[in-house]
Amino acid sequence: MTVPTRAPLVHVRGLSAEYRSRLGTIAALRDVDLSLEPGDLLGVVGESGSGKSTLSAALGRMSPGSCRVTSGTVEIGGVDVAGLDGPALRALRRDVLGFIPQDPIGSLDPTLRIGRQLRLALRPLRRPYDHTALVALLDGVQIREPERVLRLYPHEISGGMAQRVAIALAMAREPRVLVADEPTAALDAQVREDVLDLMVRLIASSGAALLWVSHDLRAVRRWCTRVMVMRAGEVVEAGPTEDVFGRPEHPYTRRLLDALAMTPAADEREKA
Ligand SMILES: Nc1ncnc2c1ncn2[C@@H]1O[C@H](COP(=O)(O)OP(=O)(O)OP(=O)(O)O)[C@@H](O)[C@H]1O
Ligand SMILES: [Mg+2]
């Protein structure tokens, strides 16, 4: 008899996807496997165009219409997301999956002031967000003058502010899985550190899992428990952070680390 094991929080198996346009077909994901357990902090790294955003979006079936999954499955909490109907998919996105997109301004509704859209987005939560709570929420992601920002429209805030609004919104929903696609790329170094610190601490303390797409390998090494390296739609290497960064097996991973002088040898030199 086989003992039933609990399904991983996120289980991607053999996922392949392609984009179709008038210029032809581009294979964006090739046979990707991934599993996330509560408490996992996974950094997804790899050159531009390697499929990181395509994978992130596929988790919540948020890919554009031109993207088609050609094989494989995505299960969240043991449920195949491909089989969900509209209401079930909305419930998944509301209750389980948090998503911080690579283009945060584009993800905000241009016709609504920041305060109003935060209130609307957070309305389904058990804990209501009144004005004071919204101010505290923005304050938490280091937005200065939160009272004023709540009254602005998305086109009136900077890219870095929009990223922090998107982060605050995703965190306030207390997701079980947070998918963050380059959530801090537009922030300056100190704010980035602080916001990442907040994001990772909240995720870790709530027992959720994080899939964090980043070009910042040093930050990934600092915060993530696991790393997945992608190239041309494929996973070239994945494992615990100290293994992948400390003893990279694939030449591509070594090249990525070399480019940043992050090889084990360079680390030794830095310590010396
Ligand atoms: N909407 C789209 N239509 C057609 N092709 C696309 C589309 N979005 C992405 N692609 C292609 O799919 C592949 C994977 O792109 P993806 O955006 O997932 O890469 P990425 O790793 O997120 O890159 P970056 O680091 O630049 O954000 C690339 O070849 C890209 O050109
Ligand atoms: Mg991307």
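Everything numeric here is computed off the predicted structure, so don't read it as measured data. Whatever order the structure lists them in is the order used to number ligands and atoms, beginning at 1. Positions are given from 1, in the same order as the sequence printed here.
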Quick one: does [X] get a heavy atom under 4.0 Å from ligand 1?
{"X": "R20", "answer": "no"}
{"X": "G46", "answer": "no"}
{"X": "G51", "answer": "yes"}

Please confirm whether [X] comes within less than 3.5 Å of ligand 1 when only nitrogen or oxygen atoms on both sides are compared.
{"X": "G49", "answer": "yes"}
{"X": "P64", "answer": "no"}
{"X": "E182", "answer": "no"}

Under 4.0 Å from a heavy atom of [X]: give me the atoms of ligand 1 that qualify, with their elements.
{"X": "S53", "answer": "17 (O), 18 (O), 20 (P), 22 (O), 27 (O)"}
{"X": "Q102", "answer": "27 (O)"}
{"X": "T54", "answer": "14 (C), 15 (O), 16 (P), 18 (O)"}

- Have E18 and T25 got a donor and an acceptor in their side chains that come within less than 3.5 Å? no
- Task: Examine the side chains of D109 and Q117 and answer whether a donor and an acceptor come within less than 3.5 Å of each other.
- Result: no
- Task: Kindly state if atom 6 (C) of ligand 1 has a protein heavy atom within a strict 4.0 Å cut-off, that is, under 4.0 Å?
- Result: yes
- Query: Are there protein heavy-atom neighbours of atom 31 (O) of ligand 1 below 4.0 Å?
  - Reply: no
- Do K52 and E182 meet the salt-bridge criterion of a basic N to acidic O distance under 4.0 Å? no
- Item | the Mg ion (ligand 2) reached by S53 (N, O or S, under 2.8 Å) | yes
- Message: When you measure from the Mg ion (ligand 2) to the N, O or S atoms of Q102, does any of those distances fall below 2.8 Å?
- Response: yes
- Task: Please report the shortest heavy-atom distance between L9 and A209, naming the atom on each side.
- Result: CD2-CB, 3.9 Å
- So, for V44 and M230, which heavy atoms are closest and what is the spacing to 0.1 Å? CG1-SD, 3.8 Å
Tell me, which protein residue and heavy-atom name are nearest [atom], and how many Å apart are they?
{"atom": "atom 21 (O) of ligand 1", "answer": "K52 NZ, 2.8 Å"}
{"atom": "atom 8 (N) of ligand 1", "answer": "Y19 CZ, 3.4 Å"}
{"atom": "atom 26 (O) of ligand 1", "answer": "S48 OG, 2.5 Å"}

- Note on the structure: The residue among V69, V12, L15, T70 that forms side chain to side chain contact (heavy atoms under 4.5 Å, CB included) with L29 is L15
- Look at the side chain of D40 and the backbone N and O of L42, then say whether any donor-acceptor pair between them is shorter than 3.5 Å. no
- Message: Taking atom CD as the centre, does E242 end up with more than 12 heavy-atom neighbours from other residues, nucleotides or ligands that are less than 6.0 angstrom away?
- Response: yes
- Using the six-membered ring wherever Trp is involved, compare the ring planes of Y153 and H155 and label them parallel, tilted or perpendicular (cut-offs 30° and 60°). parallel
- Query: Is the closest side-chain heavy-atom distance between L137 and L122 below 4.5 Å?
  - Reply: yes
- Query: Do L34 and R13 come close enough that some side-chain heavy atom pair is under 4.5 Å?
  - Reply: no
- Message: Just to be sure I read this right, does ligand 1 sit under 4.0 Å from the backbone of I26, its side chain, both, or neither, counting only heavy atoms?
- Response: side chain
- ligand 1 versus H215, non-hydrogen atoms closer than 4.0 Å: side chain, backbone, both, neither? side chain
